Amino acid sequence: MVASSLAPQKPIATLVSRILRTSSLSSPVATSLRDRPSRRWLAPLALASATLLAGCGGQRDIKVIKLAHGLDSQHPVHKGMVFMGQRLAEKSGGTLRVDVYPSGQLGSERECIELVQVGGLAMTKVSASVLEGFAAEFKVFGLPYLFRDDAHQQAVLNGPIGREILASPQGKFVRGLCYYEAGSRSFYTKNRPIHTPDDLKGLKIRVQESPMAFALIRAFGASATPISFGELYTALQQGVVDGAENNPPSFHLARHYEVCRFYSLNEHTTVPDVVIVSTHFWSSLTPQQQQWLQEAADESAVYQRTLWKAATEEALAIVEKAGVEIIRPDRAIFAARVAPLHDEARKDPVIGPLNQRIADVRP
Ligand code: GCU
């Protein structure tokens, strides 16, 4: 079984203790876009959020919302979260503050979701692929060549299907707030350039903790190795895997291009990122605060999307300048190789109908 070959889960107690340890190790990148966190702010990190008392004449409560994720602080996805924090602070007159912890400081994506579930963390941003383990609806995004183009993808995500999928993990103490653009995923390899799917044969390729990603890599004829994003650089360096796949900004900002010299833009999947909030935390907010948070998230999604194209072009230019060979293969050959995954999806009671409805969307 695909799922059983994924890494075992760490006990929640270990994750919560990591949060506790974090309070003496590092502090968040707050909404001010600081690159390296200072040790100035060491609030009680054992809580998903904290209430601080601020002076300035009268006293008022400030609710601090902790949001952790795995990407670099220069990443357009991180900048989206910073923007969300700014909008929330403005809407709430400074009474709600988002502190963003980037770069996997509080754990891998799956660990962060588990913390959100138990209320140890208020919010996180993860790839939709990792949410598959929490709500099967997210699997649909793991289907190859799902969207015809950008307009199709946007119509799906911003329409009823997107909202329905976002709401699907509600019973798991997780509430989806919005999608962020995460572009398309393509292969990068250490030693062998990928021009056609045959070039992947026998290679060990890192996958996210996602049964769909696992199935996709196997359909391409490679062997799939699940590794968390934070551990991937070392895994590539040490030859645990021969390659991986991701969008250009992540390939660049995680510095995987230092190890992988070939990047083949076959764009097999377009998996969005998702901002989620703990339902424990959500229900501690007043209806007004919930509305502000949802609006700030929605506005940040629009803003974040405006950053994507330039960030992608910049990433490709930088890695190419650094000596990476960029390959632009015929995507149709890759799509044909993994088309059977769509046939299998048709038989699935959850993603079968979703896949069909997505195909029927006409922007
Ligand atoms: C993308 C995505 C991340 C994810 C990463 C991965 O970069 O934005 O959320 O962690 O892929 O491959 O794990």
Side-chain angles (χ1 to χ4, degrees), residues 71 74-81 83-84 125-132 137-166 176-188 208 210 212-213 216 245-253 263-275 297-320 326-336 338-339 341-342 345 351 354-363:
L71 297 170
Q74 294 306 312
H75 202 290
V77 168
H78 174 85
K79 291 178 183 169
M81 287 175 264
F83 184 85
M84 175 170 61
K125 187 294 305 167
V126 294
S127 165
S129 292
V130 181
L131 281 168
E132 285 172 21
E137 285 80 350
F138 282 96
K139 283 182 174 176
V140 78
F141 295 125
L143 283 170
Y145 303 100
L146 178 67
F147 300 114
R148 289 185 297 275
D149 50 29
D150 266 13
H152 182 212
Q153 182 214 22
Q154 285 304 296
V156 170
L157 295 185
N158 298 328
I161 304 175
R163 282 196 293 276
E164 197 179 305
I165 299 175
L166 210 47
L177 284 182
C178 67
Y179 295 103
Y180 279 166
E181 177 64 61
S184 293
R185 302 179 72 93
S186 294
F187 289 110
Y188 46 87
Q208 293 173 277
S210 141
M212 291 299 283
L216 178 77
E245 40 89 58
N246 219 317
N247 57 58
S250 294
F251 175 53
H252 163 226
L253 291 165
Y263 193 20
S264 178
L265 301 179
N266 69 307
E267 302 185 328
H268 45 263
T269 48
T270 301
V271 181
D273 277 358
V274 188
V275 178
D298 291 341
E299 290 167 23
S300 74
V302 174
Y303 167 77
Q304 188 265 344
R305 202 173 145 70
T306 66
L307 305 178
W308 192 261
K309 195 165 173 278
T312 296
E313 283 165 7
E314 190 191 354
L316 288 174
I318 292 172
V319 301
E320 192 163 28
I326 310 243
I327 299 155
R328 291 184 167 78
D330 183 355
R331 290 169 22 139
I333 306 175
F334 287 83
V338 290
L341 292 179
H342 281 270
I351 65 166
L354 273 177
N355 189 19
Q356 188 54 51
R357 284 168 61 203
I358 289 175
D360 292 343
V361 170
R362 305 269 164 236

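Positions are given from 1, in the same order as the sequence printed here. Treat the numbers as computed from the prediction; the structure is a model and nothing was measured. All values below come from the heavy atoms of this structure, side chains included, with hydrogens, waters and symmetry mates left out.
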By side-chain hydrogen bond (donor to acceptor under 3.5 Å, both in side chains) - contacts of S250 (at least two apart): H75, N247
Side-chain contact, heavy-atom cut-off 4.5 Å: D298 with V302? no
Distance only, no hydrogens: is a donor on one side chain within 3.5 Å (strictly under) of an acceptor on the other, for T270 and S184? yes
Just so I know, are the side chains of S210 and V130 near enough to count as touching, which here means a heavy-atom distance under 4.5 Å? no
For S300 and A297, the nearest pair of non-hydrogen atoms, with its separation, is OG-O, 2.8 Å
First locate atom CG of L253, then atom CD of Q74, and finally report the distance between them rounded to the nearest 0.5 Å. 7.0 Å
Partner set under ring-ring contact (aromatic ring centres under 6.0 Å, His included) for Y303, not counting sequence neighbours: F83
Answer whether the closest heavy-atom distance between the side chains of I351 and M212 falls below 4.5 Å. yes
Could you give the distance from CG (L265) to OG (S186), rounded to the nearest 0.5 Å? 5.0 Å
Tightest non-hydrogen contact, residues A315 and H252, listed as CB-CB, 3.7 Å
Taking atom CD1 of I358 and atom NE2 of H152, what is their separation to the nearest 0.5 Å? 7.0 Å
Identify, with sequence neighbours excluded, every residue that meets ring-ring contact (aromatic ring centres under 6.0 Å, His included) alongside Y188. F251, H256, Y263
Checking Y179 now: which residues fulfil side-chain hydrogen bond (donor to acceptor under 3.5 Å, both in side chains) with it, not counting sequence neighbours? none
For F138 and L166 the tightest heavy-atom approach is CZ-CA, 4.3 Å
Who passes side chain to side chain contact (heavy atoms under 4.5 Å, CB included) against I333, sequence neighbours left out? P197, D330
Report the residues that fulfil ring-ring contact (aromatic ring centres under 6.0 Å, His included) with H342, sequence neighbours left out, ordered by chain and then residue number. none
Non-hydrogen side-chain atoms of E181 and Q153 separated by less than 4.5 Å: yes
Restricting to salt bridge (charged side-chain N to carboxylate O under 4.0 Å, His left out), what partner residues turn up for E299, sequence neighbours left out? R87, K91
Closest non-hydrogen atom pair between V140 and L146, with its separation: O-CD2, 3.4 Å
Give me each pair satisfying salt bridge (charged side-chain N to carboxylate O under 4.0 Å, His left out) with a member in residues 139-162, each pair once, sequence neighbours excluded. D150-R305
Under the side-chain hydrogen bond (donor to acceptor under 3.5 Å, both in side chains) test, residues paired with R328 that sit two or more places apart: none
Side chain of Y180, backbone of G80: donor and acceptor closer than 3.5 Å? yes
Salt bridge (charged side-chain N to carboxylate O under 4.0 Å, His left out): which pairs involve residues 354-363, sequence neighbours left out? E164-R357
Compare all side-chain heavy atoms of D273 with those of L71 and state whether any distance is below 4.5 angstrom. yes
How would you list all residue pairs meeting salt bridge (charged side-chain N to carboxylate O under 4.0 Å, His left out) that involve residues 307-317, not counting sequence neighbours? K309-E313
Quick check for you: to the nearest 0.5 Å, what is the distance between N246 atom CG and Q208 atom CD? 7.0 Å
Can you see which heavy atom on T269 is nearest to which on P144, and at what distance? CG2-CA, 4.1 Å
Please test V338 against H268 for side-chain contact (heavy atoms from CB on, under 4.5 Å), starting from the C-alpha separation and ending with a verdict. CA-CA 9 Å; V338 290; H268 45 263; 5.8 Å; no
So, using salt bridge (charged side-chain N to carboxylate O under 4.0 Å, His left out) as the criterion, who are the partners of E245 when residues are at least two apart? R185
Rounded to the nearest 0.5 Å, how far apart are CD of E137 and CD of E132? 11.0 Å
Residue pair N266 / Y145, side-chain heavy-atom distance below 4.5 Å: yes
About how many Å separate CZ of F141 and CG of L157, when rounded to the nearest 0.5 Å? 5.0 Å
